[in-house]
Amino acid sequence: MKRILIIEDNETNRDMLSRRLTRRGFETLVAADGAEGIATAAARRPDLILMDLSLPVLDGWAAARQLKRAPDTAAIPIIALTAHAMTGDRERAIEAGCDDYDTKPIDIERLTGKIQALLSRGPSGAAG
Ligand code: MN
C-alpha cells in the first residue's frame with residue numbers, strides 16, 4: 001500500500017483529504033505544519049507528499065526545499081497544493097523543488113491522477 005503524507009494546517013481539509021485517499025486505497029499520514037511535516041517525512045518515509053504551501057511554523061516552500069536538500073527525503077515526490085492559482089505560487093513551488101502542483105478546492109480525480117503519475121515514475125525521479 002502506498003503511503004502519502006498530507007501536510008496541511010486546515011483540519012477540515014486535512015481530514016477530508018485523508019479520508020478520500022484512504023477510500024482510494026492509500027495509507028495516509030498527516031502533519032499540521034511544515035516542521036512537523038519534515039519530521040514525519042524523515043521518520044516515516046512516505047511514498048509521496050501533498051504539501052499545502054501556506055503553513056504555519058515553516059511554509060510549504062521552505063519545507064519542500066529542506067526535504068529536497070536532505071538525502072533521506074530528496075527522492076520523495078512532492079505535490080504542492082494552494083488555493084491561489086494566479087499568484088505565482090506554482091512557479092515558486094517548482095523552484096522550491098516540488099514535482100507537481102494542484103489547486104484547491106481539490107478535485108480528487110485530478111489529484112489522484114497526478115499522484116499515480118508520480119508514483120509510477122519510480123524511485124529517484126529517474127524519468128525526470
Ligand atoms: Mn494552509
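The figures that follow rest on heavy atoms only: side chains count, while hydrogens, waters and symmetry mates do not. Order of listing sets the numbers, starting from 1, for every ligand and every atom in it.
Annotation: protein N, O or S atoms under 2.8 Å of the Mn ion (ligand 1) (waters excluded) comprise Asp9 OD1, Asp52 OD2, Ser54 O.
Applying the salt bridge (Lys or Arg N to Asp or Glu O under 4.0 Å) criterion to Glu11, with sequence neighbours excluded, gives no partner residue.
Lys114 contributes a side-chain N or O that, together with a main-chain N or O of Tyr101, makes up a donor-acceptor pair within less than 3.5 Å.
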### Query
Is there a side-chain contact (heavy atoms from CB on, under 4.5 Å) between Ile38 and Leu58 once you walk through the steps?
CA-CA 10 Å; Ile38 289 171; Leu58 194 65; 3.4 Å; yes
### Query
Going through the checks in order, is the salt bridge (charged side-chain N to carboxylate O under 4.0 Å, His left out) test met by Lys104 and Glu8?
CA-CA 12 Å; Lys104 302 180 196 180; Glu8 161 67 85; 2.8 Å; yes
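Following chains of ILVMFWY side-chain contacts shorter than 4.5 Å, one cannot reach Leu53 starting from Leu67, and the two form parts of different hydrophobic clusters.
A salt bridge does not link Arg65 to Glu95: none of the charged side-chain nitrogens sits closer than 4.0 Å to a carboxylate oxygen.
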